[in-house]
Amino acid sequence: MPKSPIADPNEDYPRWYQDVIAKAGLAENGPVRGTMVIRPYGYAIWERIQADIDARIKAAGADNVYFPLFIPESYLHREAEHVEGFSPELAVVTIAGGKELTEPVVVRPTSETVFGEQMAKWVNSYRDLPLLLNQWANVVRWEMRPRLFLRTSEFLWQEGHTVHASAADAAAYALRIHHDVYRDFLVDTLALPVLLGRKTAEERFAGAINTMTCEGVTRDRKALQLATSHELGQNFARAFDITYSDERGEVQTAWTSSWGASTRLVGGLIMGHGDAGGLRLPPRIAPTQVAIVVVRDEDGAVAKARELGDTIAAAGFRVKVDADVHAGFGRRAVDWELKGVPLRIDLGPRDLAAGQVTLLRRDSGEKSQAPLDRAPHLVGDLLDDIQAAMLAEATEFRDAATADVGSVEEALEAGREGVGRIEWARLGPEGERRLLDDGVSVRCIQRPDGSVPASEEEPDLQAIVARAY
RNA sequence: CGGGGAGUGGCGCAGUCUGGUAGCGCACUCGGCUGGGGGCCGAGCGGUCGCAGGUUCAAAUCCUGUCUCCCCGACCA
């Protein structure tokens, strides 16, 4: 057995993560610290993530728009908590066109303020509500400790911004997005089981009255925030004067929400499913679902492989034929494994002689044979199986990493090792601060059944605690 | 900002202490042998040693200055 091209995840998880990104060709560091060059394979994954989330957002009734990258610095200052939260990580342009600007311009770290300013103009009557907008954009948050995909100074994301006539409408919509867009996408498409819940005051978005989160669990047993939805109350509506006339002609202040998910999702995918062999992609997100590998160019193997590839592609699957025989079989086998392609179909001399193909699942490593002419019909079921098995495995892993505990000290211990679950009433804000001193945070608060509570005051709430990325 | 390290072919590094023909692995190119899990042999391409100044017959190596990056601690999708 030759040495693995990547670090052992059990020995050095951070290095394993970097190795996977490099060897699978996902991304590289950009020339400026904290920036990221996303390579074709990584971007292909992001494009599929985008397409899926975008469809769900549209199904929830929001329309896409594009707002500017540059925001007047004064906008940020209009909402006190918002500036305070974002000031440390702002990139500010003070010189442009060779001249000092009279008012500095910030590179958007998020767009609540510009949206607020504009939406105030577009909302006049209760008939204009709800106003449901979304944009796909890049944002900049100057980070001290960047990590590819997980935390980069510039990242790509989607940010939704909505205006509603009542607190209840805004809350309901934010929750709807949380469930129908984020949770469903994460579970059904990325096969990542998530913990849903409310953020504590400590962890809440700057300017929000409530933040809801989807937390994933990585293979090194840390929590990773994968998507958030915020009820902004009337904080931004007041700051930007978003008002409307109601049915009786009385002027009312509106309620807003915002919600986002970023390129961090790619990091979540890597850390949620990857193994010692590299990346493992769930079939629904994999840019290439099936790789047909020609072992040797003999007896018309290449032509057979192409024919098989065409048949499978015609059935609607994303397939690539690897006829790059000069590279040697081992090299290519390892490469497809590193890239996490869910299903490999090998076509070698032995297969051809027997009129069969060799099937290899990336999720389990399981190898099997099937008649050549049957292969195309097996692909669909196999990919479905793999998708389901990956979700099941990840769920099992998460549950095994989770411990129910009864005291703050136990919660600290559990949170250091993996995920701890403790009654929120028992932990409380004091316990939360105690955990923070040792690098463990409350990832979210949830109901006993795992659903999102409507308020922190509900009885029997559970706090999920862990170390976080 | 505090503490620690590093700048040498595309990537990863040795050489620096003790100045004297710039090296190794990977990748790349060509040829051959191989071929069901990163295969082997041979031949090549490729570097003003971060930058500036100084010492010296001679500097990757010594001196001075300067810039940059990485790691560890305090913020974060």
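These figures come from a predicted structure and were not determined experimentally. Every chain is numbered from 1, with letters handed out A, B, ... down the list of sequences. Heavy-atom basis, side chains included; hydrogens, waters and symmetry copies ignored.
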* Structure fact -> R344(A) CZ to G36(B) P, in whole Å, measures 12 Å
* Can you tell me how far C1' of C75(B) sits from CH2 of W142(A), to the nearest Å? -> 15 Å
* With rounding to whole Å, what would you report as the distance between C30(B) and C70(B) at their P atoms? -> 36 Å
* **Closest listed nucleotide, where the reference is the side chain of R141(A) and the choices are G37(B), G35(B), A77(B)** => A77(B)
* State, without any angle test, whether T110(A) and E112(A) hold a side-chain donor-acceptor pair at a distance under 3.5 Å. => yes
* Out of G37(B), A77(B), G36(B), which has the shortest distance to the side chain of E337(A)? -> G37(B)
* Upstream residue (5' side of RNA chain B) when E203(A) and P146(A) are each assigned their closest nucleotide -> P146(A)
* To do: In whole angstrom, give the distance that lies between atom CG of L224(A) and atom P of C76(B).
  => 16 Å
* Structure fact -> Winner on side-chain proximity to R331(A), out of C76(B), A27(B), G36(B), is A27(B)
* Asked: K23(A) has a side chain; which of C76(B), C70(B), G38(B) sits nearest to it?
  -> G38(B)
* Asked: For the side chain of R145(A), counting heavy atoms from C-beta on, which of G73(B), G36(B), A77(B) is nearest?
  -> G73(B)
* Can you find a side-chain donor-acceptor pair between Q158(A) and D54(A) that sits under 3.5 Å? -> no
* Structure fact -> Of the candidates C75(B), G38(B), C76(B), the side chain of M144(A) sits closest to C75(B)
* To do: Could you tell me whether the side-chain ring of F155(A) sits stacked on the base of A77(B), using a centroid cut-off under 5.5 Å and a plane angle under 30°?
  => yes
* **Spacing of H326(A) atom NE2 relative to C28(B) atom C1', expressed in whole Å** => 12 Å
* Separation between the C1' atoms of G47(B) and G23(B), rounded to whole Å -> 11 Å
* **Pairing of E215(A) and K199(A) as salt bridge, 4.0 angstrom limit** => yes
* To do: Can you tell me the distance, in whole Å, between the CD1 atom of I345(A) and the C1' atom of G36(B)?
  => 16 Å
* Side-chain H-bond candidate by donor/acceptor type, S257(A) with E231(A), under 3.5 Å -> no
* Structure fact -> Result for 5'-nearest mapping on RNA chain B, choosing between V295(A) and A468(A), is V295(A)
* Asked: Can you tell which of G35(B), G38(B), A74(B) lies closest to the side chain of R296(A)?
  -> G35(B)
* Under the 3.5 Å rule, do the base of G36(B) and the side chain of T358(A) count as making a donor-acceptor pair? -> yes
* Asked: Do the ring centers of H161(A) and F67(A) come within less than 6.0 Å of each other?
  -> no
* Choose from G36(B), G38(B), A77(B) the nucleotide whose nearest atom is closest to any side-chain atom of P349(A). => G36(B)
* **Pairwise P distance for G12(B) and A74(B), with rounding to whole Å** => 28 Å
